[in-house]
Amino acid sequence: MVIKKFWNIIKGTYFNITNKNQKQADVRLSICNKCSHVKNICGLGNVCDLCGCVLESKTRVDDEKCEMNKW
């Protein structure tokens with residue numbers, strides 16, 4: 001489980017840099033941006049305060065999910 005999470009962080013960061021899965025990220029981010037658990041951290045952007053993930057990266061990975069099951 002920890003290795004999978006670490007791998008998804010790497011994938012999400014790479015996908016963010018290369019703009020992969022942009023449409024998926026846009027849909028998921030529109031949901032996240034309405035959530036009370038999103039916090040903006042200077043230098044990182046929007047972060048979920050439940051899981052600690054950088055949302056611009058997490059939303060690009062197909063097998064990631066929202067901790068609140070919103071997507």
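The first residue of the sequence shown is numbered 1, and numbering continues consecutively from there.
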Apply side-chain hydrogen bond (donor to acceptor under 3.5 Å, both in side chains) to K65 and list each qualifying residue two or more places apart in sequence or on a separate chain.
none
T18: side-chain contact (heavy atoms from CB on, under 4.5 Å) partners, not counting sequence neighbours:
Y14, K20
Interatomic distance, H37 atom NE2 to L55 atom CG [nearest 0.5 angstrom]
12.0 Å
Which pair of heavy atoms, one from G12 and one from R60, lies closest together, and at what distance?
O-CD, 4.4 Å
Please examine the side chains of E56 and L29, heavy atoms only from C-beta on, and report whether any two atoms are closer than 4.5 Å.
yes
Straight-line distance of E64 CD to N8 CG, nearest 0.5 Å:
4.5 Å
Connected hydrophobic set around L50, excluding itself, where side chains approach under 4.5 Å
M68
Apply side-chain contact (heavy atoms from CB on, under 4.5 Å) to S57 and I9, showing your working.
CA-CA 7 Å; S57 296; I9 291 168; over 6 Å; no
When you look at CH2 of W7, are more than 12 heavy atoms from neighbouring residues, nucleotides or ligands closer to it than 6.0 Å?
no
Looking at residues at least two apart in the chain, or sitting in another chain, which of them share a side-chain hydrogen bond (donor to acceptor under 3.5 Å, both in side chains) with E67?
none
Could you work out, with salt bridge (charged side-chain N to carboxylate O under 4.0 Å, His left out) as the rule, every residue matching K4, not counting sequence neighbours?
D63
Going by side chain to side chain donor-acceptor pair (under 3.5 Å), D26 matches just one of Q22, R28, Q24. Which one?
Q22
Shared-cluster residues of V47, by chain and number - hydrophobic side chains joined below 4.5 Å:
I41, L44, V54
Which atoms form the tightest heavy-atom contact between C32 and V38, and what is the distance?
O-CG2, 2.9 Å
Note, C51 side chain near K58 side chain (heavy atom, < 4.5 Å)
yes
